[in-house]
Amino acid sequence: MGSTVCISPAAFTAVARIKPSLSRTRTLNTSISFSTNPNRNFTFKHIFSLSSSSMASSTLHVMASSSTGAASEELDTSSSTSVGANDLLIVGPGVLGRLVAEKWREEHPGCQITGETVTTDHHEELIKIGINPTLKGVKWENKFPYVIFCAPPSRSSDYASDVGEAASLWNGEGSFLFTSSSAPYDRYDNGQCYEDSPVVGWTLHILLLKNRGMHLYYLKQGTIEANPHHLVNLIHYEDAASLSVAILKKKLRSRLFLGCDNHPVSRQQVMDLVAKSGKFDPTFVGFTGTDGPLGKKLDNSKTREELGWEPTYKSFAHFLGETPFPPVLMIKICFKILKNHL
């Protein structure tokens with residue numbers, strides 16, 4: 001199965017123009033989606049909204065100050081490294097970013113992949129896997145044709161400005177892809193939610209790993225004061241990476257895409273599947289909460305059809321090896337049983 005498990009559906013945006021404007025802050029629950037819609041504003045967690053227009057333009061207008069930006073200006077470093085037609089910049093080369101790098105290199109052998117980080121803590125790791133590390137704030141004489149932003153807000157004092165700075169490193173030729181959670185979708189009653197459903201704002205990513213994730217946290221706690229009927233939507237890290245690459249390759253502008261496995265499960269179902277798998281030692285006692293907002297049933301059929309993409313891991317149950325018989329197969333088995341008894 002590999003070392004990664006799944007993430008909540010992630011949001012990816014290929015934008016031609018980013019024009020932030022001041023907006024009211026709003027805190028939302030988390031999950032992940034893909035976005036590129038020229039006719040809709042997306043409110044960031046911090047101070048401004050993201051809008052896309054003029055598909056042919058790559059002009060960046062930023063109307064916000066940033067303490068991290070100020071620190072960057074003091075950084076007296078620059079790079080004049082030549083940039084090729086298929087070179088990729090990954091802002092935030094964590095688990096998802098590194099998988100994107102691996103899959104991008106398979107599509108474009110010989111390309112250069114650069115990973116921008118806030119510190120040098122993981123630079124040696126990046127070099128070992130073929131990613132050229134660089135620090136945030138380095139000034140580039142040559143911009144990149146492909147840029148993906150997948151840095152978490154938790155490491156930033158001004159997340160929106162960081163997105164703007166990343167977009168300024170894109171030369172407008174390939175794609176700029178922004179990843180975020182699907183919490184912006186304004187649905188909290190376990191109802192259906194699609195790519196074009198109403199949105200209200202952006203918040204954090206939720207990432208689940210083999211050794212760090214929602215189900216492992218629940219197992220460690222034993223009991224959780226949360227509503228067991230709240231729905232969560234998941235996607236495997238590798239599937240999120242392959243979807244990112246599929247979007248980047250299309251060179252799309254101002255579009256919104258959604259990444260999920262199309263099999264939403266409740267918190268209780270997640271823990272039932274974990275228990276049934278027999279792969280985890282701790283025993284989960286249960287949920288004690290009854291209140292709080294419910295989730296949403298994400299459906300990314302439109303994304304799959306347009307991009308010709310399908311996830312390798314069809315569901316959380318599939319990942320755990322507890323996949324039930326598909327409905328069609330079950331019907332065929334039933335007919336065979338009936339035929340043998342007639």
Side-chain angles (χ1 to χ4, degrees), residues 1-14 29-36 90 92 94-104 148-152 177-185 187 190 192-195 197 199 202-217 230-250 255-267 269-270 273-274 295-323:
M1 290 294 183
S3 60
T4 57
V5 179
C6 48
I7 62 174
S8 304
F12 299 90
T13 318
N29 292 333
T30 53
S31 141
I32 303 185
S33 68
F34 303 89
S35 64
T36 53
I90 302 171
V95 177
L96 176 60
R98 296 181 192 193
L99 284 170
V100 168
E102 179 183 326
K103 295 181 182 299
W104 186 257
I148 179 171
F149 186 97
C150 44
L177 193 61
F178 171 75
T179 75
S180 176
S181 78
S182 64
Y185 287 107
R187 191 83 195 236
N190 282 354
Q192 289 292 143
C193 190
Y194 307 93
E195 289 88 343
S197 295
V199 295
W202 296 107
T203 54
L204 312 178
H205 297 63
I206 291 184
L207 304 182
L208 305 182
L209 305 172
K210 187 175 183 180
N211 59 355
R212 190 188 78 188
M214 175 183 68
H215 59 300
L216 295 181
Y217 174 76
H230 177 100
L231 291 178
V232 295
N233 299 268
L234 306 173
I235 185 171
H236 194 281
Y237 262 108
E238 293 178 6
D239 289 329
S242 69
L243 181 52
S244 299
V245 170
I247 297 171
L248 284 167
K249 287 170 56 181
K250 290 284 187 178
R255 296 293 309 284
L256 181 139
F257 295 99
L258 178 63
C260 58
D261 61 17
N262 275 359
H263 286 85
V265 288
S266 69
R267 289 169 175 157
Q269 288 174 318
V270 167
L273 287 166
V274 166
K296 62 202 76 174
K297 297 177 181 177
L298 296 177
D299 186 314
N300 69 341
S301 298
K302 293 179 181 178
T303 291
R304 298 185 186 205
E305 182 178 358
E306 179 169 349
L307 298 176
W309 173 88
E310 289 288 335
T312 299
Y313 297 92
K314 307 299 182 183
S315 66
F316 185 66
H318 177 205
F319 171 79
L320 291 176
E322 297 294 331
T323 309

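This structure is a prediction, so every number in the text was calculated from the model and none was measured. FYI, the numbering just counts along the sequence from 1.
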Ring pair (Phe, Tyr, Trp, His ring centres under 6.0 Å) involving Trp309 - partner list, sequence neighbours excluded: none

List in chain and number order the residues that pass side chain to side chain donor-acceptor pair (under 3.5 Å) with Lys302, two or more places apart in sequence or in another chain; answer none if no residue qualifies. Asp196

Going by side chain to side chain donor-acceptor pair (under 3.5 Å), name the residues that satisfy it together with Glu310, two or more places apart in sequence or in a different chain. Arg304

Any idea which heavy atoms bring Gln269 and Pro264 closest together, and the distance? OE1-O, 4.4 Å

Heavy-atom closest pair (Ser315 atom, His318 atom, distance to 0.1 Å) is OG-N, 3.0 Å

Rounded at 0.5 Å granularity, tell me how far [atom1] in [X] sits from [atom2] in [Y].
X	Y	atom1	atom2	result
Cys193	Leu258	SG	CG	7.0 Å
Glu238	Phe319	CD	CZ	9.0 Å
Lys296	Leu231	NZ	CG	10.5 Å
Phe149	Thr179	CZ	OG1	7.5 Å
Asp239	Leu99	CG	CG	10.5 Å
Ser244	Leu96	OG	CG	5.0 Å

Take Tyr313 and Asp261 through the side chain to side chain contact (heavy atoms under 4.5 Å, CB included) test and state the conclusion after the steps. CA-CA 7 Å; Tyr313 297 92; Asp261 61 17; over 6 Å; no

Could you check whether any side-chain heavy atom of [X] comes within less than 4.5 Å of a side-chain heavy atom of [Y], counting everything from C-beta outward?
X	Y	result
Asn300	Ile235	no
Ile90	Cys150	yes
Lys250	Leu307	yes

So with a 6.0 Å cut-off around NZ of Lys314, is the heavy-atom count from everything else above 12? yes

Sequence neighbours excluded, the answer for salt bridge (Lys or Arg N to Asp or Glu O under 4.0 Å) partners of Lys249 is Glu107

Using salt bridge (Lys or Arg N to Asp or Glu O under 4.0 Å) as the criterion, list what pairs up with Glu102, not counting sequence neighbours. none

Does Asn233 use its side chain to pair, donor to acceptor, with the backbone of Leu298 at less than 3.5 Å? yes

Quick one: does Ser197's side chain have a donor or acceptor within less than 3.5 Å of a partner on Tyr185's backbone? no

Pairing residues for Ser301 by the side-chain contact (heavy atoms from CB on, under 4.5 Å) criterion, not counting sequence neighbours: Asn262, Asp299

Pairing residues for Arg267 by the side-chain contact (heavy atoms from CB on, under 4.5 Å) criterion, not counting sequence neighbours: Tyr218, Ala226, Asn227, His230, Phe287

